[in-house]
2 protein chains.
Amino acid sequence: MKSKFNLIIADDHVMFLDGLHGILSELENVGEIHLATDGQQVLRLLNQFNNVDLVISDINMPKMDGIELLSTVKKKYPEIKFFILSMLDDVRTINKVVQKQADGYILKFADKEELKKAVLEVLSGEQHYSQKVKESYMQSVFERKQNSHVELSKREKEVLKLLMEELSSKEISEKLFISVNTVETHRKNILLKTGSKTTVGAVKFAIDNGYYSE
Amino acid sequence: MKSKFNLIIADDHVMFLDGLHGILSELENVGEIHLATDGQQVLRLLNQFNNVDLVISDINMPKMDGIELLSTVKKKYPEIKFFILSMLDDVRTINKVVQKQADGYILKFADKEELKKAVLEVLSGEQHYSQKVKESYMQSVFERKQNSHVELSKREKEVLKLLMEELSSKEISEKLFISVNTVETHRKNILLKTGSKTTVGAVKFAIDNGYYSE
DNA sequence: TTGTAAATCACTGAATTCTGTGAGGTTTTT
DNA sequence: AAAAACCTCACAGAATTCAGTGATTTACAA
């Protein structure tokens with residue numbers, strides 16, 4: 001294990017960045033700390049310095065957000081540790097982060113001791129997720145079990161996607177060059193498969209399962 | 001002008017609070033700094049210490065948010081300076097803060113130098129608003145009614161929430177003990193306010209804006 | 001080859017949503 | 001005190017969705 005590690009911290013709130021910088025410089029085995037206010041800047045820094053060990057990043061940032069940055073970094077520099085420091089604690093965000101193999105996820109509600117601990121853990125190869133994050137993730141895993149075996153057909157997905165754009169059955173039928181009756185049948189089957197009573201359920205399903213790209 | 005001023009800083013992100021504390025202790029004419037993680041705690045501190053000169057507060061906080069706290073403090077302790085430190089830069093929020101006579105509004109995008117400068121200015125009786133805040137406010141003054149910001153009424157939120165549970169208008173009316181016609185009117189207005197063509201749009205809005213807790 | 005799933009279409013009737021318009025009382029803001 | 005926003009209710013017709021049933025064709029797999 002190295003004695004000095006070099007970091008990049010990214011957050012578009014400069015003031016928060018200043019605070020983080022202060023907190024992390026208190027750690028003895030931390031060497032250089034580079035600061036960035038958006039994702040692209042992080043990539044430039046990684047290009048410039050080839051001795052970076054850990055990237056700590058917020059999610060909401062201009063130009064390139066933390067999730068996208070995470071993907072990019074993990075693909076291009078698989079050996080670099082990456083963890084998310086965000087105030088977002090919703091299920092969907094957490095899912096994305098876990099899916100993309102982040103080494104950690106800390107909420108900004110945490111105090112600086114937890115942050116320091118997390119940094120040290122991640123640097124030594126462990127993972128560190130906030131308690132709340134873990135709970136949310138468990139919950140989502142449980143929820144997913146309920147509709148994981150749900151598979152929509154290709155056509156049903158197309159219909160659902162257009163439905164998400166607030167089109168009526170008639171409008172969808174015109175877009176897909178099929179009969180309104182057919183669209184209605186597809187919708188019926190979508191409700192059946194997703195266990196929904198109304199279109200509302202189908203919309204929630206679509207969002208939960210990524211059939212809808214906002 | 002006093003030589004030492006005492007502050008209270010309030011933010012529910014403990015880590016941010018730590019950072020702020022560090023930054024502000026660098027100022028020479030700052031004396032005691034009290035920390036709080038919600039609005040009610042600030043009120044308790046004000047009750048306990050009668051030598052506080054300035055409160056710096058975030059907006060999003062549990063128990064009592066920054067706006068409400070601002071009102072309360074300004075009413076009860078008109079001589080105490082108060083400024084908002086938030087990441088919210090939407091027109092509506094800014095309007096409220098300006099209306100309620102805050103001594104300043106700084107965005108978390110600012111750097112620590114601006115924060116220090118702002119603190120000193122406010123302590124010496126001036127106001128300090130971030131450039132962006134001023135711009136947003138100006139814009140809102142000109143645009144007046146063109147508020148693109150969507151705010152649902154309390155009742156509308158209730159209806160939307162039940163709608164998200166796949167209830168029909170009839171079922172919602174039974175839950176809220178109101179007429180079906182009323183529910184329909186609320187739904188009508190929800191579609192209007194959110195600019196939706198169908199319920200699908202309302203559902204997407206609900207999810208995007210956290211009106212739906214999965 | 002037989003079966004299963006998918007995609008297509010049709011018909012009906014009931015239920016629900018959407019659109020439009022109006023209106024009276026309450027609460028909040030200005 | 002006046003204005004604006006909110007909550008309530010009503011009616012009505014058009015449009016849409018939902019539920020149930022059944023059927024043909026294709027495609028892929030057991």
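Protein chains get the first letters and strands the later ones, always in sequence-line order, with residue 1 at the start of each.
- More than 12 heavy atoms of other residues, nucleotides or ligands shown are found within 6.0 angstrom of NZ on B:K197.
- Residue B:T182 places at least one side-chain N or O under 4.0 Å from the OP1 or OP2 atom of D:dC9.
- One interatomic measurement links the two molecules: CZ of A:R187 to C1' of C:dT17, which rounds to 11 Å at whole-angstrom precision.
- When distances are taken from the side chain of A:K170 to each of C:dT8, C:dC18, D:dT16, the shortest belongs to D:dT16.
- Between B:K193 and the phosphate of D:dC6, there is a side-chain N or O to OP1/OP2 separation shorter than 4.0 Å.
- For the OP1/OP2 pair of D:dT17 and a distance below 4.0 Å, the side-chain nitrogens and oxygens of A:S169 include at least one atom meeting the criterion.
- Residue A:T199 has its side chain nearest to D:dC18 when only C:dC11, C:dT17, D:dC18 are considered.
- The CD1-C1' distance, from B:I190 to C:dT19, rounds to 16 Å in whole Å.
- Residue B:L192 contributes atom CG, which lies 13 Å from atom P of C:dC18 at whole-angstrom precision.
- Atom pair A:L163:CG and D:dT17:C1' shows a separation of 11 Å (rounding to whole Å applied).
- Of the two residues near DNA chain D, B:R155 and A:K188, the one whose nearest nucleotide lies more 5' is B:R155.
- Under 3.5 Å, the side chain of B:T185 and the base of D:dC9 form at least one donor-acceptor pair of N or O atoms.
- Distance CD (B:E184) to P (D:dA10): 13 Å, rounded to an integer number of Å.
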| message | For B:T199 and A:V203: C-alpha separation, side-chain torsions, deciding distance, then whether side chain to side chain contact (heavy atoms under 4.5 Å, CB included) applies. | response | CA-CA 10 Å; B:T199 303; A:V203 174; over 6 Å; no
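- The interatomic distance linking B:N189 (CG) with D:dC7 (P) rounds to 9 Å, in whole Å.
- B:N181 has its CG atom 15 Å from the P atom of C:dC18, to the nearest Å.
- A heavy-atom distance below 4.5 Å is not found between the side chains of B:V14 and A:F109.
- Spacing between atom CD of A:E166 and atom P of D:dT16 amounts to 14 Å, rounded to whole angstrom units.
- Between A:Q41 and A:D38, the closest side-chain pair of non-hydrogen atoms falls below 4.5 Å.
- In B:E26, the CD atom is crowded: over 12 heavy atoms of neighbouring residues, nucleotides or ligands sit closer than 6.0 Å.
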